Number of protein chains: 2
Amino acid sequence: MMRIGFQRVARLVHHKALPRNPHLLPGLHQASAFGSSTDSLVARFCPENTDLKDYALPNASWNPDMLSLYQEFLEKTKSDRWIKLPSFKSNREHIRGLKLPSGLVAASDKQDWRIFTRCIQLEGQGYEYVIFFHPSEKKSVCLFQPGPYLEGAPGFAHGGSLAAMMDETFSKTAYLAGEGLFTLSLNIRFKNLIPVGSLAVLDIQVEKIEDQKLYMSCIAQSRDKQTVYAKSSGVFLQLQLEEEPFQQQ
Amino acid sequence: MMRIGFQRVARLVHHKALPRNPHLLPGLHQASAFGSSTDSLVARFCPENTDLKDYALPNASWNPDMLSLYQEFLEKTKSDRWIKLPSFKSNREHIRGLKLPSGLVAASDKQDWRIFTRCIQLEGQGYEYVIFFHPSEKKSVCLFQPGPYLEGAPGFAHGGSLAAMMDETFSKTAYLAGEGLFTLSLNIRFKNLIPVGSLAVLDIQVEKIEDQKLYMSCIAQSRDKQTVYAKSSGVFLQLQLEEEPFQQQ
């Protein structure tokens with residue numbers, strides 16, 4: 001059982017990390033607290049050659065809005081430095097070879113892990129989403145199409161499903177923009193309900209990085225920006241993942 | 001497509017509702033904006049005779065902590081006015097015979113609807129939870145055991161899964177305590193990660209009801225209260241459901 005708060009782990013890890021990383025890596029990105037450049041974080045996070053299934057690819061359930069905006073952003077990845085983030089079944093697959101800082105270990109006999117936002121594997125029934133990230137501008141766009149298993153009020157996405165989608169998009173953005181690892185706070189103001197099966201576009205921006213924290217904002221709206229679904233802010237704690245021992249018993 | 005904000009619907013409905021309900025019902029509860037007593041809301045929400053499956057019942061995946069605290073609260077339902085809330089597959093089944101206010105309608109050809117927090121039906125893999133509600137004290141307790149499909153950081157529940165659990169518990173509490181229907185805001189401060197498979201106890205309190213809004217607070221912690229997982233506040237908009245026409249074409 002883990003009984004040690006984020007902030008305490010952060011202090012421990014930070015103190016430990018500093019002497020271990022006295023030399024800053026070449027090309028150090030201003031955002032990094034620990035010496036990893038955004039490029040190296042992206043390279044690790046988005047492996048080019050992998051046999052892992054990427055869930056952030058179009059399928060037959062995507063509505064025309066989702067599909068055409070996806071194609072539009074895909075075009076931008078060719079010229080405009082946008083990166084399409086792959087989305088694997090579990091965060092374990094994104095951070096292969098790394099592990100949470102010491103003190104944050106959960107013992108478990110469970111086997112089949114899934115990242116929450118990929119918990120439903122039936123196409124179109126649960127979360128359909130894809131995240132694009134812009135490293136130099138420290139911003140992301142998430143195309144989100146909630147399915148009928150994400151219902152709250154009849155016919156509309158549950159507020160909690162949007163909260164989770166925001167947290168997940170913040171999380172990936174925070175990690176890539178500056179090793180933001182844990183949500184410290186999430187504040188959401190809901191404006192309109194998202195009809196199940198329609199597209200919500202989440203625009204995320206890193207506002208500042210200060211005192212080992214990333215401050216981000218998000219607006220979720222319809223593609224034509226005529227309907228704002230919600231606005232939110234999130235604060236993430238920067239914390240460095242540790243190298244996994246090469247061979248574990 | 002619904003392009004009308006919550007607040008606007010609230011004003012429309014409120015103005016329309018007032019002349020329609022000039023006579024307050026006997027036993028009117030102070031909390032109600034529209035004349036429904038908490039007792040009548042609870043009676044509708046928790047039908048005694050139903051063939052609907054209740055997902056808030058123990059199963060083999062519940063850990064000993066969850067099971068024993070469930071039994072403890074179940075005892076309290078006999079003497080202490082606590083009510084165990086049933087949890088059906090969709091909110092549609094909780095509000096049978098009622099519908100969202102006019103202006104909040106989503107057209108869809110989908111069939112298999114699930115409330116988000118019951119989206120995974122494999123026992124123990126997703127959300128396991130049960131909510132107890134205390135009408136006169138306007139408070140709730142939610143016993144929440146996240147499964148491995150709710151993962152965020154390896155071995156721990158995704159922050160978004162806790163956010164959704166809080167939103168859902170706020171939502172049920174808000175409806176029963178005073179016809180709170182929509183989340184207006186949700187603010188969460190995360191303190192510690194919840195290990196997958198362990199029990200988190202959410203204590204929810206309605207703090208005040210003012211200007212057609214319910215203000216609630218929540219603390220999520222381990223059973224022994226030694227570890228606080230998160231604290232949150234939520235504001236819900238009071239809005240009356242409408243009678244569903246007896247026969248629909």
Side-chain angles (χ1 to χ4, degrees), chain A residues 1-6 90-92 95 99-100 104-106 108 110-117 119-120 125-126 147-161 163-168 171 181-193 195-198 222 226-227, chain B residues 1-6 90-92 95 99-100 104-106 108 110-117 119-120 125-126 147-161 163-168 171 181-193 195-198 222 226-227:
Chain A
M1 184 71 77
M2 191 270 304
R3 298 199 185 285
I4 178 168
F6 294 151
S90 162
N91 268 330
R92 292 160 194 260
I95 60 165
K99 65 182 182 70
L100 292 180
L104 289 174
V105 176
S108 175
K110 302 287 191 301
Q111 293 291 330
D112 184 14
W113 301 95
R114 291 187 194 169
I115 185 165
F116 178 44
T117 46
C119 65
I120 299 155
Q125 295 301 102
Y149 288 5
L150 269 53
E151 195 183 36
F156 296 98
H158 197 290
S161 75
M165 190 73 264
M166 286 175 160
D167 185 46
E168 176 56 19
S171 159
L181 212 55
F182 294 117
T183 321
L184 289 178
S185 71
L186 184 63
N187 296 332
I188 310 177
R189 281 165 294 143
F190 296 90
K191 305 288 185 184
N192 279 289
L193 297 173
V196 161
S198 68
S222 58
Q226 293 303 298
T227 305
Chain B
M1 184 72 76
M2 191 271 303
R3 298 199 183 285
I4 178 168
F6 293 152
S90 162
N91 268 330
R92 293 159 193 261
I95 59 166
K99 65 182 182 71
L100 292 180
L104 289 173
V105 176
S108 175
K110 302 286 190 302
Q111 293 291 327
D112 184 15
W113 301 95
R114 292 187 193 168
I115 184 166
F116 179 44
T117 46
C119 64
I120 299 156
Q125 294 301 101
Y149 288 5
L150 270 54
E151 195 183 36
F156 296 97
H158 197 290
S161 75
M165 189 73 264
M166 286 174 160
D167 185 47
E168 176 57 19
S171 159
L181 212 54
F182 294 117
T183 321
L184 289 178
S185 70
L186 184 63
N187 297 330
I188 310 177
R189 281 165 294 143
F190 296 90
K191 304 289 184 185
N192 280 289
L193 298 172
V196 162
S198 68
S222 58
Q226 292 303 297
T227 306

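All values derive from a computational prediction rather than experimental measurement. Naming convention: chains lettered A, B, ... in sequence-line order (proteins, then strands); numbering from 1 in each chain.
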Inset, instruction - Mind ranking T117(A), L181(A), N91(A) by heavy-atom pairs under 4.5 Å with chain B and telling me who comes out on top? - result: N91(A)
Inset, instruction - Against chain A, label I115(B) side chain, backbone, both or neither, depending on which of its atoms sit under 4.5 Å from a heavy atom there. - result: both
Legend entry - salt bridge (Lys or Arg N to Asp or Glu O under 4.0 Å) involving R92(B) - partner list, sequence neighbours excluded: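 Result, salt bridge (Lys or Arg N to Asp or Glu O under 4.0 Å) vs R92(B): E151(A).
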Legend entry - Between P154(B), A164(B), A153(B), the one whose heavy-atom pairs under 4.5 Å with chain A are most numerous: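 Of the options given, most contacts go to P154(B).
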Within this structure, what is the [atom1]-[atom2] distance for the pair [X] and [Y], rounded to the nearest 0.5 Å?
X       : Y       : atom1 : atom2 : value
L100(B) : L193(A) : CG    : CG    : 7.5 Å
C119(B) : L150(A) : SG    : CG    : 6.5 Å
L186(B) : R189(A) : CG    : CZ    : 12.5 Å

Legend entry - CA sep, side-chain torsions, deciding dist, call: D112(B), Y149(A), side-chain contact (heavy atoms from CB on, under 4.5 Å): CA-CA 8 Å; D112(B) 184 15; Y149(A) 288 5; 2.7 Å; yes
Inset, instruction - Locate the shortest heavy-atom distance separating N187(A) from I188(B); write the atom from each residue and the value. - result: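 The pair with the smallest heavy-atom distance is OD1-N, 3.8 Å.
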Legend entry - Atom of F190(A), atom of T183(B) and distance for their closest heavy-atom approach: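 Closest heavy-atom pair between F190(A) and T183(B): CB-O, 3.2 Å.
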